[in-house]
Amino acid sequence: EELLKLAPELYDITIFGAEPHFNYNRILLSPVLCGEKTPEEIVLNDAAWYAENGITLLTGKAVTEVDRRRRCVRSADGTEVPYDRLLLATGSDPFIIPLPGKDLPGVVTFRDFKDVDAMLDAARSGLRHAVVIGGGLLGLEAANGLLKRGMDVTVIHLTDTLMERQLDRPAGALLQKSLEERGLKFRMGAQTAAILGETRVTGVRFKDD
């Protein structure tokens with residue numbers, strides 16, 4: 001968008017995206033999870049915008065190699081595109097606690113549409129219990145969304161105060177009380193030691209048990 005504002009005729013722009021979607025507002029994934037918005041409503045630029053601005057968008061193509069000698073980008077499926085200028089805008093990856101069982105089916109992060117789809121599939125399939133590790137802002141948003149989708153949700157938090165980076169202890173206690181009144185459950189001051197599971201059933205063992 002900035003290049004188009006500064007010098008709209010200077011470059012032919014190609015964008016690689018590993019996800020099979022147009023660009024969207026990740027902050028609004030929480031309203032999608034809880035049913036307040038649809039995926040279409042959080043798209044930032046649709047197909048018409050890319051066409052109108054002459055941008056080539058390659059979705060579902062994860063870049064695996066940058067050949068600086070030949071000045072080209074190569075994706076996992078073999079697509080190659082030459083470049084004069086290369087901009088890396090890959091965002092961040094969610095931190096996954098290095099616990100036994102972190103790779104079990106049913107263990108998901110909360111960062112993209114794929115994660116939201118996995119959580120919605122779990123709620124629709126009849127699974128009743130969800131565990132959210134982390135009582136920060138994103139964890140609480142995920143917990144609230146799953147609760148609204150009909151799941152029984154327990155939040156596991158390492159400290160005794162929710163959102164401790166933003167709230168002091170009295171404010172954290174008020175927030176916890178309010179969320180408990182909505183139906184969320186909490187295990188505070190509990191450090192997760194492992195994720196245990198059989199098929200699609202996942203449990204958590206705590207070091208303080």
Quick one: pull up CG in Leu28 and CG in Leu33 and give me the separation to the nearest 0.5 Å. 12.5 Å
Is Leu158 close to Thr192 at the side-chain level, that is, under 4.5 Å between some pair of heavy atoms? no
Verdict with reasoning, Lys185 to His129, per side chain to side chain contact (heavy atoms under 4.5 Å, CB included): CA-CA 11 Å; Lys185 301 174 183 177; His129 300 281; 5.9 Å; no
State the CD-CD1 distance between Gln191 and Ile97, to the nearest 0.5 angstrom. 8.5 Å
Check Glu180 with Lys177, please: is the shortest side-chain N to carboxylate O separation under 4.0 Å? no
Working note: Asp112 + Arg26, criterion side chain to side chain contact (heavy atoms under 4.5 Å, CB included); need CA distance, chi angles, decisive distance, verdict. CA-CA 7 Å; Asp112 56 29; Arg26 292 190 192 278; 3.4 Å; yes
Is it the case that more than 12 heavy atoms not belonging to Asp12 sit under 6.0 Å from its CG atom? no
Output yes when Lys61 and Asp77 qualify as a salt bridge under the 4.0 Å nitrogen-oxygen rule, no when they do not. yes
In terms of heavy-atom contacts, does CG of Leu6 have more than 12 from other residues, nucleotides or ligands at under 6.0 Å? yes
Note: Arg169-Glu164 ion pair, threshold 4.0 Å (strictly below): no
Under 3.5 Å, side-chain donor or acceptor atoms of residues 41-51 against the rest of the protein: list the pairs with distances, not counting sequence neighbours.
from, atom 1, to, atom 2, distance (Å)
Glu41, OE1, Thr38, N, 2.9
Asn45, ND2, Glu1, OE2, 3.3
Asp46, OD1, Ala48, N, 3.2
Asp46, OD1, Trp49, N, 3.1
Tyr50, OH, Asn23, OD1, 2.8

Test of understanding: clusters of I, L, V, M, F, W, Y form through side-chain heavy atoms closer than 4.5 Å, transitively. Do Phe16 and Phe113 belong to the same one? no
Answer yes or no: is there an ion pair linking Lys114 with Asp117, defined by an N-O contact shorter than 4.0 Å? no
Tell me, yes or no, whether the heavy-atom count around Glu181 atom CD, taken from other residues, nucleotides or ligands under 6.0 Å, exceeds 12. yes
Are any non-hydrogen side-chain atoms of Glu19 and Thr59 less than 4.5 angstrom apart? no
Are Ile15 and Val66 connected, step by step, through hydrophobic side chains (Ile, Leu, Val, Met, Phe, Trp, Tyr) whose heavy atoms are closer than 4.5 Å? no
Taking the side chain as C-beta and beyond, is there a heavy-atom pair between Pro82 and Arg71 under 4.5 Å? no
Rounded distance [0.5 Å steps], OG1 in Thr14 versus CG in Leu86: 11.0 Å
Lys148 to Cys34 - nearest heavy-atom pair and separation: CD-CB, 3.7 Å
Same cluster or not: Phe110 versus Leu127, using hydrophobic residues (I, L, V, M, F, W, Y) connected whenever any side-chain heavy atoms lie under 4.5 Å apart? yes
Would you say the side chain of Val81 lies within less than 4.5 Å of the side chain of Leu58, judging by non-hydrogen atoms? yes
Thr109 side-chain N/O to Arg111 backbone N/O, donor-acceptor pair under 3.5 Å: no
Taking Arg187 for its side chain and Ile156 for its backbone only, find out whether a donor-acceptor pair lies under 3.5 Å. no
Taking Ser125 for the side chain and Ala122 for the main chain, is one N or O donor matched with an acceptor at less than 3.5 Å? yes
Taking the side chain as C-beta and beyond, is there a heavy-atom pair between Val73 and Asp67 under 4.5 Å? no
Cluster overlap Leu104 with Phe95, hydrophobic side-chain contacts below 4.5 Å: yes
Apply the test side chain to side chain contact (heavy atoms under 4.5 Å, CB included) to residues Val132 and Thr154: give CA-CA distance (whole Å), side-chain angles for both, the deciding distance (0.1 Å), then the verdict. CA-CA 6 Å; Val132 176; Thr154 300; over 6 Å; no
Counting C-beta onward and ignoring hydrogens, is there a side-chain heavy-atom pair between Met163 and Leu140 closer than 4.5 Å? yes
Is it possible for you to say whether Leu137 and Leu174 belong to one hydrophobic cluster, with membership spreading through side-chain heavy-atom contacts below 4.5 Å? no
